[in-house]
Every structure is written in structure tokens, then in C-alpha cells.
Amino acid sequence: MSVPPVEKAPPANWILQHPAYRQMEALEPADSAQLHAAFLVCMDLTEVRRWKEVSSVKSPELRLILLEGKEKDGAPVHTVLPLPAHQSLSHSSICSVLDRGFPVLLCAVASDSTLVYQRLTDGLVTPEPPVGPFQDLDRRQHRKRRQHSFQQHSEKMRGKSIRKNSC
């Protein structure tokens with residue numbers, strides 16, 4: 001009778017021992033929360049999303065870890081800014097990251113390790129055009145109803161203010 005091999009559980013501090021974490025730690029980021037966020041985003045990009053050529057880079061002026069990688073072979077290099085959700089950035093910090101070139105993604109990392117990616121731009125982004133004539137027609141009709149409703153509300157409010165002022 002053979003005994004099945006016992007699977008060893010990873011050590012409790014496996015993150016601290018991971019080569020990617022140690023490489024990021026060597027970049028000496030300003031705080032450990034951003035280091036942890038960068039590691040989680042790196043693992044998501046490489047292990048889940050299967051990005052190519054993901055590397056960690058230090059932003060000396062911000063003392064933050066940035067990630068660079070490609071969504072697939074032949075795609076442009078993206079810069080990813082991993083940031084704990086509780087941490088804020090100044091306008092000049094955001095501009096500093098945007099100066100690296102596009103495309104740039106911000107990844108907010110919640111305390112429960114939820115990751116939310118947002119594309120950063122230096123201006124307004126034109127939305128995708130509506131699909132099909134029916135959707136566009138519905139949108140125009142909704143806008144007309146909203147304008148009509150607003151006009152009715154404005155007329156009611158004007159009537160009330162005229163009555164109040166005439167007393």
C-alpha cells in the first residue's frame with residue numbers, strides 16, 4: 001500500500017520570496033503599499049492576462065514602480081501605473097507618467113486585491129460612435145424627451161417665482 005505524496009503548502013511569506021517582488025523591492029519605492037500593488041498587477045498581467053515582456057521600472061521623480069509590457073507580440077509597449085486605491089496622485093505626478101508616452105494605464109488596487117484598470121490620456125477622448133441607426137434614433141428621442149421635460153420644469157419654476165415675487 002503506497003502513501004500518496006503530501007503536497008507542501010507555499011510558505012506564508014511566499015510573496016516576499018518571489019523573484020519579481022525582490023526585483024521590485026531593489027528599485028526602492030517610496031512605500032511598501034505601492035510595492036505590493038505593483039507586484040499584484042505584475043502577477044495579473046503575466047499570469048492571468050498573459051502579457052509579454054513585462055518588466056518593472058523605477059520612476060525616479062515619483063519614487064514609484066511602473067510596469068511596462070505588451071498585450072501581445074507586436075503590440076505597442078504599455079506603461080502601467082499600479083497604485084493602491086487609498087493613495088492619491090498630484091496633477092504633476094500624472095503628467096510625469098504621461099510624459100513617458102502612450103498608451104498608459106492606471107491600475108487601482110483595492111485592499112481586497114481587486115484590480116481596476118483605467119486608460120490615462122492627456123485630454124478628452126472621443127467616444128465610439130453609436131452602432132446602427134436605431135440606437136442613434138433612440139438616443140435622439142431620449143434627448144428630446146429630456147429637453148422637453150427640462151423646459152416644462154423651467155416654466156413651472158418661473159411661474160412659481162413670478163407668483164412669489166408679485167406678492
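Quick note: numbers below take in every heavy atom, side chains included, and nothing from hydrogens, waters or symmetry partners. Residue numbers count from 1 along this sequence.
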Testing the basics here: between Met43 and Ala20, what is the closest heavy-atom pair and its distance to 0.1 Å? CE-CB, 4.1 Å
Mind checking whether Tyr21 and Trp51 sit in one hydrophobic cluster, side chains of I, L, V, M, F, W, Y counted as touching below 4.5 Å? yes
Donor-acceptor contact present, side-chain Lys58 to main-chain Leu27, <3.5 Å: yes
Just so I know, are the side chains of Leu81 and Leu64 near enough to count as touching, which here means a heavy-atom distance under 4.5 Å? yes
Residue pair Val116 / Cys107, side-chain heavy-atom distance below 4.5 Å: no
May I ask you to decide if Gln34's main-chain N or O and Asp31's side chain share a donor-acceptor pair within less than 3.5 Å? yes
Among side-chain atoms of Ser59 and Glu61, is any donor-acceptor pair under 3.5 angstrom? yes
Under the side chain to side chain contact (heavy atoms under 4.5 Å, CB included) criterion, do Val57 and Leu67 qualify, and how do the steps go? CA-CA 6 Å; Val57 180; Leu67 300 171; over 6 Å; no
How about NE2 on His36, more than 12 heavy atoms from neighbouring residues, nucleotides or ligands closer than 6.0 Å, or not? no
Cluster check Leu115, Leu106: I/L/V/M/F/W/Y, side chain < 4.5 angstrom: no
When rounded to the nearest 0.5 Å, the distance separating CD of Gln23 from OG of Ser55 is 7.5 Å
Which pairs with one or both residues in residues 98-114 pass side chain to side chain donor-acceptor pair (under 3.5 Å), sequence neighbours excluded? Glu68-Arg100, Asp112-Thr114
Quick one: which of Val109, Leu35, Leu45 gives a side-chain contact (heavy atoms from CB on, under 4.5 Å) with Leu40? Val109
Side-chain touch Leu89/Leu62, heavy atoms, less than 4.5 angstrom: no
Please check if Leu105 and Ile65 belong to a single hydrophobic cluster, counting links between Ile, Leu, Val, Met, Phe, Trp and Tyr side chain heavy atoms closer than 4.5 Å. yes
Of all heavy-atom pairs linking Arg63 and Glu28, the shortest is NH2-O, 3.8 Å
Show, in sequence, the C-alpha distance, side-chain angles and deciding distance for Ser96 and Ser93, and conclude whether the side chain to side chain donor-acceptor pair (under 3.5 Å) test is met. CA-CA 5 Å; Ser96 173; Ser93 298; over 6 Å; no
Report the distance from atom NZ of Lys70 to atom CD of Glu53, rounding to the nearest 0.5 Å. 4.5 Å
Within the structure provided, determine whether Val41 and Tyr117 are in side-chain contact (heavy-atom separation under 4.5 Å). yes
Heavy-atom side-chain proximity of Val54 to Cys42 below 4.5 angstrom: yes
Give a yes or no on whether Val104 and Ile94 share a hydrophobic cluster (residues Ile, Leu, Val, Met, Phe, Trp, Tyr; joining criterion: side-chain heavy atoms under 4.5 Å apart). yes
Heavy-atom side-chain proximity of Arg119 to Pro103 below 4.5 angstrom: yes
Any side-chain heavy-atom pair from Leu16 and Phe39 closer than 4.5 angstrom? no
Cluster overlap Trp14 with Met24, hydrophobic side-chain contacts below 4.5 Å: yes
Residue pair Phe102, His78: steps toward the side chain to side chain contact (heavy atoms under 4.5 Å, CB included) verdict: CA-CA 7 Å; Phe102 293 101; His78 285 64; over 6 Å; no
Would you say the side chain of Arg50 lies within less than 4.5 Å of the side chain of Glu47, judging by non-hydrogen atoms? yes
